[in-house]
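No experiment lies behind these values; they were computed from the predicted model shown.
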Amino acid sequence: MKIAFWLYFFMFLAFFDLHAQYPILTPFALSLGAAPTFIGWMMGIYALTHLPGNLLAGQGVDRHGSKGYMIFSLLTAGVILLLQAHVTEPWQLLALRSISGFVLAFLSPACLAMLASLSKSPVQQGKLMAGHGVMHTVASVVSPAAGAFLVAQSGFTITFQMLGWLLISTGIIAIFTIKEPPRMLAADPAKPGSAKAQVPVRINVIPLRYYLLPLAVACSQGILFFELPLQAGGTEGIMHTGLYFSIISLGALVTLSMLFLSHYSPYLRASLGILGIALCFFAMAAFDFIPLPVTLFALGMAKGVVFPAIASLFIDLSGGKRLGTVFSLQSIAMSLGSFIGPISAGAIHGSYSPYFLAFFVLMLAIIIVPPKKHAGALSPPVGAGTGHP
């Protein structure tokens, strides 16, 4: 599992860098003179430009493996952050965030596909996905507060420069330490000369309705990323914003550490987790007497259940085949949700609570997506098993 160790290490550094920007982007845009509506579009366009990257990443990872796409994503995103440190107009920030959304779209499908290729059973798949979530969450526990602290001490320019060099350094080190799993490179049955080229492989088709789950979660998350910094006071409340995001991550870390959850049905875990997130948004919109940190901690716990569950669900539904494409489609769904969420929140901000919109979207997804059929109808994935609902 040496590959998994290095993969987790570099994902930690990358996620630390990315999450450190969450509490500071909105205050930075406000300091440039951007209006709330523009901020919604800035956050949404980042997600929208994920789409072409996701489409390219899916087929590319299946054909060529993950390593090259991971390195490209890390290095290019680091360079963009160095340029972002020197912007002086809102439109410049919008342009750079658009490019950043494209290049970072390769990172998640590549990482998830490489992790999935290392597993030999459904339980191990669940544990590896939970490990991915743990690394993601451990980084996100400290990074929002760290990013806000750096801005408070050094300003936006130096903070973006430091984050940019961290991504570039991570990409350079990954060149010499990450090795492509041989089974992953051989996973394409159409690849000439491969052992599987002569063997027909059945690929299970995932109903598109299941992709409403990551879409709805990403939409609600985009609403939270838009509304929470404004609720905390914008530029003046940047430290509060960083602490709030860290509280969410602490809650997620609690449930991600419960590795026994991987033994339960991924559909059940995903459904209950999304229900928990929806109830937290309803509480933030309707129940002022509940302290915000308490609600955010509970929301984080629900998120810690949802993300590894959705990843395991898609592995099970796909039969373990074409994982690059599967996770690329998941990223596309999340990109659409992340695009719709902040733009919708910016449009209704000041008239209605965007948290009500998040609650509605999440509940609608639970109602529309059908229960998963028995896994016995699926062909068993090579080296992964089938899993059961």
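For the atom pair CD1 of I71 and CZ of F106, the computed distance is 14.0 Å after rounding to the nearest 0.5 Å. With values rounded to the nearest 0.5 angstrom, L212 atom CG is found 11.5 Å from L362 atom CG. Rounded to the nearest 0.5 Å, atoms CE (M363) and CD1 (I274) are 10.5 Å apart. Between F72 atom CZ and L107 atom CG the span is 11.5 Å, to the nearest 0.5 Å. Rounding to the nearest 0.5 Å gives a distance of 7.0 Å between CG of L82 and CD of Q161. Interatomic distance, CD1 of I366 versus CG of L272, reported as 8.5 Å (0.5 Å rounding).
Aromatic ring orientation, F339 versus W41: perpendicular (interplanar angle above 60°, classes split at 30° and 60°).
Counted within 6.0 Å of CZ on F149, heavy atoms from surrounding residues, nucleotides or ligands total 12 or fewer; the atom is thus considered open. Within 6.0 Å of CZ in F38 there are more than 12 heavy atoms belonging to other residues, nucleotides or ligands. A 6.0 Å sphere centred on CE of M162 holds no more than 12 heavy atoms belonging to other residues, nucleotides or ligands.
Within the 4.5 Å cutoff, no side-chain heavy atoms of P342 are placed close to those of Y46. F245 has its side chain out of reach of S143: every pair of non-hydrogen atoms, C-beta onward, lies at least 4.5 Å apart. Between Q92 and L32, the closest side-chain pair of non-hydrogen atoms is not below 4.5 Å. Considering only heavy atoms from C-beta on, Y355 comes within 4.5 Å of L228 through its side chain. Between R97 and L94, every side-chain heavy-atom pair lies at or beyond the 4.5 Å cut-off. Counting heavy atoms from C-beta outward, L224 and I248 have side chains that approach closer than 4.5 Å. For the pair Y210 and L329, the minimum side-chain heavy-atom distance is 4.5 Å or more. With contacts defined as side-chain heavy-atom distances shorter than 4.5 Å, the pair M70/S73 does not qualify.
Between the side chain of T157 and the backbone N or O of A85 there is at least one donor-acceptor pair closer than 3.5 Å. In terms of modelled atom types and a separation under 3.5 Å, the side chain of S98 and the main chain of I45 share no donor-acceptor contact. Within the 3.5 Å criterion, the main-chain N or O of F28 finds a donor-acceptor partner in the side chain of S31. No side-chain donor-acceptor contact under 3.5 Å links S100 to the backbone of L96. In terms of modelled atom types and a separation under 3.5 Å, the side chain of E227 and the main chain of I223 share no donor-acceptor contact. Without hydrogens or angle criteria, S220 side chain to V217 main chain gives a donor-acceptor distance under 3.5 Å.
Annotation for T255 and G304: closest pair OG1-CA, 3.3 Å, computed over non-hydrogen atoms. Across T26 and F225, no two heavy atoms sit closer than the pair OG1-O, 4.3 Å. Of all non-hydrogen atoms in F16 and A146, the two that sit nearest each other are CZ-CB, 4.1 Å. Nearest heavy-atom pair across T159 and G147 is CG2-O, 4.3 Å. Between R269 and A309, the shortest heavy-atom contact is CB-CB, 3.6 Å. When all heavy atoms of Q21 and L163 are compared, the closest pair comes out as CG-CD1, 3.9 Å.
Hydrophobic clustering, with ILVMFWY side chains joined whenever heavy atoms are under 4.5 angstrom apart, groups L30 together with V151. Using a 4.5 Å cut-off between side-chain heavy atoms of Ile, Leu, Val, Met, Phe, Trp and Tyr, with links allowed through other members, V254 and Y244 fall into the same hydrophobic cluster. I175 and L167 end up in different hydrophobic clusters when Ile, Leu, Val, Met, Phe, Trp and Tyr side chains are linked at under 4.5 Å. When hydrophobic clusters are built by joining Ile, Leu, Val, Met, Phe, Trp and Tyr residues whose side-chain heavy atoms come closer than 4.5 Å, directly or via intermediates, I168 is not grouped with L166. With hydrophobic clusters built from ILVMFWY side chains whose heavy atoms lie under 4.5 angstrom apart, L208 shares a cluster with L313.
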Could you give me the CA-CA distance, side-chain angles and deciding distance for F360 and F281, then say whether ring pair (Phe, Tyr, Trp, His ring centres under 6.0 Å) is met? CA-CA 9 Å; F360 174 78; F281 275 110; over 10 Å; no
